Amino acid sequence: MEKSIEIDPDYYDIGRDDYVDTDFASETTSLASSVYRGVFENGRRYQTVREGASWCPSDEQQFESLEAGHLLCILLDAKTTNPLFQAPVKNPKQILDIGTGRGNWAIDVADMFPNVTVRGVDLFPPPGDWLPPNCIMEVDDVLQEWTWRQSFDLIHMRQLIGAFTPEEWDGLFSQCYKNLNPGGWIEQIEGDPRIKCSDSSMSPDCSMVQFTEAVFRAGKEWNHPLDTLDTMRTAMEKAGFVDIHEKEYRWPVGPWARDPTLKEAGRLHHHQWTTGMEGWGMYLLTKFGVPTPWSKEEVQVLLAKVRKDLQDPRVHMWQYARRVWGRKPTVEEGRVKSEDVIDSGN
């Protein structure tokens, strides 16, 4: 039986200063929209490298949400040997971060391993003008044939739900397999967009549930399903990865948990929600809403109600998340497998 997050019984004062969104003041520097090329829809900026293929905005507001998500992941693995990734990579030389977003993960890994070249790649350039000398940011489409000359020791992906069709996911994992050194690792962490609650504090038809279910249906309608949490392990196995491991998380939304670490994680995730949810829903619902696309105003009305749900500390909502990491077989393992295939054919 799964262990539920223990609730802090003293945390019920809606007026408390440490709950409201002002706790998460952003240090993100505002950038003029003319600095980067992009296309604007419903007041949000999107990438143009693969126009129409990305539901996530590429603007300062969304980068702020991604930063909160980065800190959330680090916090929940802070007691591990390496909070940035769990794959047991030994003496890496080349690391690739796919869907780098703001570049937080790539920058932190480059700082941790100053002798390693870390590449962050996305469809839109990250903000900021300073990088560690061993960190390279590139704008590219990973669905195209990769042109990097070197192979990688670790390939990392995070929060890419809805980025690809099932067929594109298969192609991406095949590319990752092809471009990893023998014995190299792939690692991915994703969250389930559908909200959960372990008690009766959240109504099953509240605005938060309506929003997450509507977004989930829209992703399916677009053939960019948001169930990557449940499919990434199978996709890795299909691509040929072995020695696959999983680690599950519960991300509380809001600081309602008794445990100090989960309480802080809840604050971070609350901020990730308040800054990110418009970007998560606007594109999907206005283009692929079921049964018909929504108007911008309809999305904004529902989001206003969701914000009200988020400000109620008596609602103990959370989301599932899962980290999966697997290894490309070594040269010797590959040789043995080839020999087994030959023997079975005789």
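What you see is a predicted model, and the numbers here were worked out from it, not measured in a lab.
With hydrogens and angles ignored, the 3.5 Å screen pairs a side-chain donor or acceptor of N134 with a backbone N or O of A110. Counting only distance, with no hydrogens or angles, the side chain of E187 and the backbone of A87 share a donor-acceptor pair below 3.5 Å. Checking side-chain atoms of H270 against main-chain N and O of L310 turns up a donor-acceptor pair under 3.5 Å. The backbone N or O of E64 sits nowhere less than 3.5 Å from a side-chain atom of E67 that would complete a donor-acceptor pair. Looking only at distances, no side-chain donor or acceptor of N181 sits under 3.5 Å from a matching main-chain atom of G184. Panel note: side chain S207, backbone L302; no donor-acceptor pair is recorded below 3.5 Å. The closest donor-acceptor contact from the side chain of D243 to the backbone of R327 lies at 3.5 Å or more, if one exists at all.
Salt-bridge annotation for E237 and R233: present, with a side-chain N of the basic residue lying under 4.0 Å from a carboxylate O of the acidic one. With respect to the salt-bridge test (charged N to carboxylate O, under 4.0 angstrom), the residues D227 and K220 do not qualify. A salt bridge is absent between E333 and K328: the closest approach of a Lys/Arg side-chain nitrogen to an acidic carboxylate oxygen does not fall below 4.0 angstrom.
Note that CG of L229 is 10.0 Å distant from CD of Q319, once rounded to the nearest 0.5 Å. From D141, atom CG reaches atom CH2 of W146 across 11.0 Å, with rounding to the nearest 0.5 Å. The CG atom of D122 sits 10.5 Å away from atom CG of D140, with the distance rounded to the nearest 0.5 Å. The line from CG of L284 to CZ of R217 is 12.5 Å long, rounded to the nearest 0.5 Å. With values rounded to the nearest 0.5 angstrom, D309 atom CG is found 11.0 Å from L303 atom CG. Here the CE-OG distance, from M317 to S198, works out to 12.5 Å after rounding to the nearest 0.5 Å.
With sequence neighbours left out, the side chain to side chain donor-acceptor pair (under 3.5 Å) criterion links T231 to no other residue. For R194, the side-chain contact (heavy atoms from CB on, under 4.5 Å) criterion is met by D192, E213, F216, D230, not counting sequence neighbours. With sequence neighbours left out, K296 forms a salt bridge (charged side-chain N to carboxylate O under 4.0 Å, His left out) with no residue at all. Evaluation of the side chain to side chain donor-acceptor pair (under 3.5 Å) rule for T100 yields D97 as partners, not counting sequence neighbours. For I136, the side-chain contact (heavy atoms from CB on, under 4.5 Å) criterion is met by T117, R119, E138, not counting sequence neighbours. In this structure, the salt bridge (charged side-chain N to carboxylate O under 4.0 Å, His left out) partners of E6, at least two apart in sequence or on a different chain, are R258. In this structure, S174 has no side chain to side chain donor-acceptor pair (under 3.5 Å) partners at least two apart in sequence or on a different chain. Applying the salt bridge (charged side-chain N to carboxylate O under 4.0 Å, His left out) criterion to E297, with sequence neighbours excluded, gives no partner residue. With sequence neighbours excluded, no residue satisfies salt bridge (charged side-chain N to carboxylate O under 4.0 Å, His left out) with K93. For P88, the side-chain contact (heavy atoms from CB on, under 4.5 Å) test picks out W185, W325, with sequence neighbours left out. Every residue meeting the side-chain contact (heavy atoms from CB on, under 4.5 Å) condition with K287, not counting sequence neighbours, appears here in chain and number order: E41, Y283. Taking the ring pair (Phe, Tyr, Trp, His ring centres under 6.0 Å) definition, one finds that W294 meets it with nothing, sequence neighbours left out.
Side-chain atoms of T274 and R307, non-hydrogen and from C-beta on, never get closer than 4.5 Å to each other. With contacts defined as side-chain heavy-atom distances shorter than 4.5 Å, the pair I74/D108 qualifies. Proximity of E168 to T165: side-chain heavy atoms (C-beta onward) are separated by under 4.5 Å at one or more points. I195 is not listed as a side-chain neighbour of W318, based on a closest heavy-atom distance of 4.5 Å or more. The shortest distance between side-chain heavy atoms of V139 and L123 does not fall below 4.5 Å. The shortest distance between side-chain heavy atoms of Q300 and M282 falls below 4.5 Å.
Using modelled atom types, one finds a donor on one side chain and an acceptor on the other under 3.5 Å when comparing Q188 with E190. A donor-acceptor contact under 3.5 angstrom links the side chains of R158 and H70, judged on distance only. E246 and Q86 share no side-chain donor-acceptor pair at under 3.5 Å. Judged by distance alone, the side chains of R322 and Y249 never bring a donor and an acceptor atom under 3.5 Å apart.
Nearest heavy-atom pair, V118 versus A106, reported as atom, atom and distance to 0.1 Å: CG1-O, 3.6 Å.
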message = Using the rule given for salt bridge (Lys or Arg N to Asp or Glu O under 4.0 Å), can you reason through E60 versus R102, listing the C-alpha separation, both sets of side-chain angles and the distance that settles it, and then say yes or no?
response = CA-CA 9 Å; E60 288 71 27; R102 199 175 186 220; over 6 Å; no
Walk me through whether R323 and D77 qualify under salt bridge (Lys or Arg N to Asp or Glu O under 4.0 Å). CA-CA 11 Å; R323 185 188 298 270; D77 278 317; 2.9 Å; yes
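In this structure, W256 and H316 have tilted ring planes: the angle between them lies in the 30° to 60° band. Note: W251 and H269 have perpendicular aromatic rings, judged against thresholds of 30 and 60 degrees for the angle between ring planes.
Between W55 and W222, the distance separating the two ring centers is not shorter than 6.0 angstrom.
Within 6.0 Å of the NZ atom in K247, the count of heavy atoms belonging to other residues, nucleotides or ligands exceeds 12.
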